[in-house]
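One structure below.
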Amino acid sequence: MSDKNIDWNRLADELDPMRTVTSGGQLRGRSRDFSWYSPILDVQLKDCIANLIVFPHSEEDVMRVAACVARWRVPLTVRGGGTGNYGQCVPLQGGVVMDMTELKRVIEVAPGSVRVEAGARIGELQEAVRASGQDLLMFPSTLRVATIGGFIAGGYAGIGSIRHGILKDRDNVRGMRVVTVEDNPRVIELRGADIQKVHHAFGTNGIITQLDLTLEPAQDWLHTITLFETYGDALRFCTEASTPAVDLYLLTSVEKGFAPFYAHLGERFPLNRHAVFAMVSPRSIDAYRALSARHGGVESLCMNAAALEKHGLPPAYECAYNHTTLQALKTDRQWTYLQIAHAQPFDIALCEELARQFGDEIYWHHEFAKQFGEYQVFGIPLVRYTTPQRQYEIMRVFESHGCATFDPHVVTIEDGGMKEIDLAQIDFKRLADPHGLLNPGKMRGWDELAA
Ligand SMILES: Cc1cc2nc3c(=O)[nH]c(=O)nc-3n(C[C@H](O)[C@H](O)[C@H](O)COP(=O)(O)OP(=O)(O)OC[C@H]3O[C@@H](n4cnc5c(N)ncnc54)[C@H](O)[C@@H]3O)c2cc1C
């Protein structure tokens with residue numbers, strides 16, 4: 001779509017005085033994200049590079065960019081921190097990449113809610129709400145780099161999900177302001193269920209400029225590591241700990257194969273033990289310990305965030321969700337990962353059978369969370385990469401056991417997690433992006449309708 005004859009410097013002049021980049025290494029740098037987690041996407045996306053990067057500072061700037069790309073009919077890919085792992089913010093067809101990280105004001109912190117600009121880094125937002133004695137309901141482990149807009153547009157769940165469910169769950173996100181891409185851009189305010197029209201749409205049907213999120217009273221969470229002799233014991237403990245009687249913010253289990261990637265934890269995660277990482281409310285720590293002891297669990301660490309920092313130790317959430325994969329990849333790039341949701345009720349015997357079947361080809365990692373009011377177990381297994389065919393064979397085995405797979409080796413919303421075309425999101429795209437300029441190639445349903 002992006003015409004090679006376009007004079008990108010002239011287009012940049014139209015955006016003046018906004019900062020723009022039309023040449024040099026930044027073009028490639030700001031066109032990359034964490035899709036290198038997938039050896040398949042790493043190859044597929046390596047030549048996808050923006051022609052121009054722009055850095056708006058305000059919603060008015062965003063509207064000027066939207067009007068400009070509509071006039072020139074060039075693709076526009078919105079970028080937050082660039083930590084997505086499906087190539088969500090890689091410009092498949094070149095064009096303009098809009099870096100949102102200067103739209104970072106925390107507008108208002110009130111009891112129970114915060115209004116914030118979409119480009120704010122989640123870590124900085126968390127600090128701002130902490131100052132009011134409150135916490136975000138959930139965040140990804142990439143909070144230092146990832147933006148809140150990128151999390152809502154590209155993310156699914158995270159640390160906090162065992163308490164509050166997934167992003168899609170009711171009232172976690174209360175409202176958003178969305179800028180349309182047309183000759184005369186408009187601002188549309190979405191609230192309640194309407195948020196789903198834009199949430200997890202990979203920036204294909206509107207530019208989020210502001211968000212209104214629910215907060216909860218802050219707690220001084222205890223970050224713990226508990227060791228188990230068998231992975232089955234670790235899973236049995238986590239299943240029993242998934243109850244409202246134990247107040248948790250995170251519950252993650254990993255097989256002992258992960259221990260070499262966590263060498264900095266030393267004897268807190270030795271090579272011969274399986275580990276459960278958790279964030280536990282101080283008022284539940286006794287119940288948590290009693291339950292883990294019943295499954296042979298031995299605590300090797302229990303500290304609050306301040307003590308961890310003092311001892312130079314990582315928070316539990318850096319040993320959870322896709323940070324586990326990152327630890328492995330930092331040591332050895334032959335690994336990749338898959339993502340599954342287990343059928344309910346969670347079948348531990350099946351997990352033990354799969355572990356036997358795949359042996360050293362897979363190291364198991366499970367996240368215990370809630371979704372739509374029910375406890376749910378997500379698997380993020382680390383997989384030794386050989387060929388694309390093998391990745392899909394493994395996914396078919398998981399599916400044959402009733403697991404839902406979220407393919408991490410594809411770029412479209414539908415082929416990754418969602419599985420079906422979301423007509424409400426497509427309808428909203430007709431309204432907010434009538435020329436189909438936003439992040440083209442990522443919404444398969446739109447392309448199929450256009451064809
Ligand atoms: C180590 C690691 C751990 C992770 N853990 C989690 C996790 O726990 N949970 C989870 O859900 N994800 C996780 N992810 C994926 C990713 O980090 C999160 O989704 C993250 O929040 C994305 O934020 P970002 O600002 O980096 O977004 P980007 O990667 O920049 O963008 C993500 C998508 O959102 C779109 N977008 C960005 N900003 C806007 C905007 N203002 N308006 C419209 N569209 C926009 C982009 O076009 C893109 O499609 C993880 C990734 C890594 C590498």
Side-chain angles (χ1 to χ4, degrees), residues 37 85 140-142 157-159 161-162 223-242 248-280 288 292 295-302 308 313-332 334-342 346 348 350-369 376-385 394 398 403 406 408:
Y37 266 41
N85 10 40
S141 57
T142 46
I159 295 102
S161 282
I162 190 156
H223 298 239
T224 68
I225 306 176
T226 310
L227 304 174
F228 293 85
E229 229 167 276
T230 72
Y231 193 58
D233 287 339
L235 292 178
R236 273 181 281 280
F237 160 63
C238 288
T239 309
E240 279 189 35
S242 299
L248 300 171
Y249 196 74
L250 173 74
L251 187 63
T252 304
S253 62
V254 292
E255 274 193 300
K256 63 183 178 189
F258 279 87
F261 310 132
Y262 291 75
H264 52 293
L265 293 175
E267 277 310 297
R268 294 181 182 95
F269 186 7
L271 296 175
N272 60 353
R273 286 291 180 276
H274 307 271
V276 171
F277 294 84
M279 288 168 72
V280 187
Y288 183 85
S292 70
H295 293 276
V298 174
E299 190 176 276
S300 65
L301 177 86
C302 180
L308 286 173
L313 289 164
Y317 57 75
E318 288 191 2
C319 307
Y321 284 86
N322 249 320
H323 238 85
T324 52
T325 319
L326 184 62
Q327 307 287 0
L329 285 168
K330 273 198 229 161
T331 312
D332 186 348
Q334 68 162 322
W335 292 101
T336 186
Y337 71 122
L338 290 172
Q339 304 185 135
I340 58 178
H342 282 271
F346 182 48
I348 295 171
L350 169 65
C351 295
E352 290 173 320
E353 169 50 32
L354 289 172
R356 264 191 301 276
Q357 183 179 343
F358 288 104
D360 266 359
E361 190 178 9
I362 290 183
Y363 291 164
W364 282 94
H365 159 202
H366 289 94
E367 290 296 338
F368 291 77
Q376 173 64 41
V377 185
F378 298 111
I380 314 182
L382 196 62
V383 183
R384 218 178 276 278
Y385 185 72
I394 297 172
F398 294 161
C403 303
F406 305 88

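What you see is a predicted model, and the numbers here were worked out from it, not measured in a lab.
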Give the C-alpha distance, both sets of side-chain angles, the deciding distance and a yes or no for side chain to side chain contact (heavy atoms under 4.5 Å, CB included) between L382 and T336.
-> CA-CA 6 Å; L382 196 62; T336 186; over 6 Å; no
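- Partners of E229 under the side chain to side chain donor-acceptor pair (under 3.5 Å) rule, at least two apart in sequence or in another chain, do not exist in this structure.
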List the steps, then state whether side chain to side chain contact (heavy atoms under 4.5 Å, CB included) holds for S292 with V276.
-> CA-CA 10 Å; S292 70; V276 171; over 6 Å; no
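- Take T252 and apply the side chain to side chain donor-acceptor pair (under 3.5 Å) test, not counting sequence neighbours, and it matches E367.
- Ring centers of F269 and F261: at least 6.0 Å apart, outside the cut-off.
- Between I225 and L227 the shortest side-chain heavy-atom distance falls below 4.5 Å.
- Listed here is the closest heavy atom pair of D332 and W335: O-CD1, 3.4 Å.
- No side-chain heavy atom of P381 sits less than 4.5 Å from a side-chain heavy atom of Y363.
- H274 is linked by a side chain to side chain donor-acceptor pair (under 3.5 Å) to nothing, counting only residues two or more places apart in sequence or in another chain.
- In this structure, the separation between CZ on R384 and CD1 on I394 is 11.5 Å, given to the nearest 0.5 Å.
- Atom SG of residue C351 and atom CD of residue E255 lie 9.5 Å apart, to the nearest 0.5 angstrom.
- Contact detail for P140 and I159: the closest heavy-atom pair is C-CD1, 3.8 Å.
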Take Y337 and N85 through the test side chain to side chain contact (heavy atoms under 4.5 Å, CB included) and record every step on the way to the result.
-> CA-CA 11 Å; Y337 71 122; N85 10 40; 3.5 Å; yes
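- Donor-acceptor pairing under 3.5 Å is recorded for the side chains of S253 and Y231.
- Note that CG of D233 and OG1 of T226 are 12.5 Å apart. Values are rounded to the nearest 0.5 Å.
- Residues passing the side chain to side chain donor-acceptor pair (under 3.5 Å) test with E361 are R390, sequence neighbours excluded.
- Annotation: side-chain hydrogen bond (donor to acceptor under 3.5 Å, both in side chains) contacts involving residues 314-328, sequence neighbours excluded, comprise S141-H323, R144-E318, N322-T325, N322-Q339, T324-H365.
- Here E353 pairs with R356 under the salt bridge (charged side-chain N to carboxylate O under 4.0 Å, His left out) rule; sequence neighbours left out.
- Looking at heavy atoms from C-beta onward, Y288 lies in side-chain contact with L248 at the 4.5 angstrom threshold.
- Ring to ring, F277 and Y262 are close: their centroids are under 6.0 angstrom apart.
- Within the 4.5 Å cutoff, the side chain of I362 has no heavy atoms near those of the L338 side chain.
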Tell me, with the steps shown, if I340 and F378 meet side chain to side chain contact (heavy atoms under 4.5 Å, CB included).
-> CA-CA 6 Å; I340 58 178; F378 298 111; over 6 Å; no
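- Shortest non-hydrogen contact noted between H223 and A316 is ND1-N, 3.0 Å.
- Aromatic ring pairs are classed by plane angle as parallel below 30°, tilted from 30° to 60° and perpendicular above 60°; the pair W364 and H342 is tilted.
- Considering all non-hydrogen atoms of both residues, A241 and L251 come closest at CB-CD2, 4.1 Å.
- Between H295 and F237, the angle of the ring planes lies from 30° to 60°, which puts this pair in the tilted group.
- Residues H366 and G379 approach most closely at CD2-CA, 3.8 Å, considering heavy atoms.
- Between I162 and S242, some side-chain heavy-atom pair lies under the 4.5 Å cut-off.
- Counting heavy atoms from C-beta on, the side chains of T224 and L301 never come closer than 4.5 Å.
- Salt bridge R236/E352: present, at least one basic N to carboxylate O contact under 4.0 Å.
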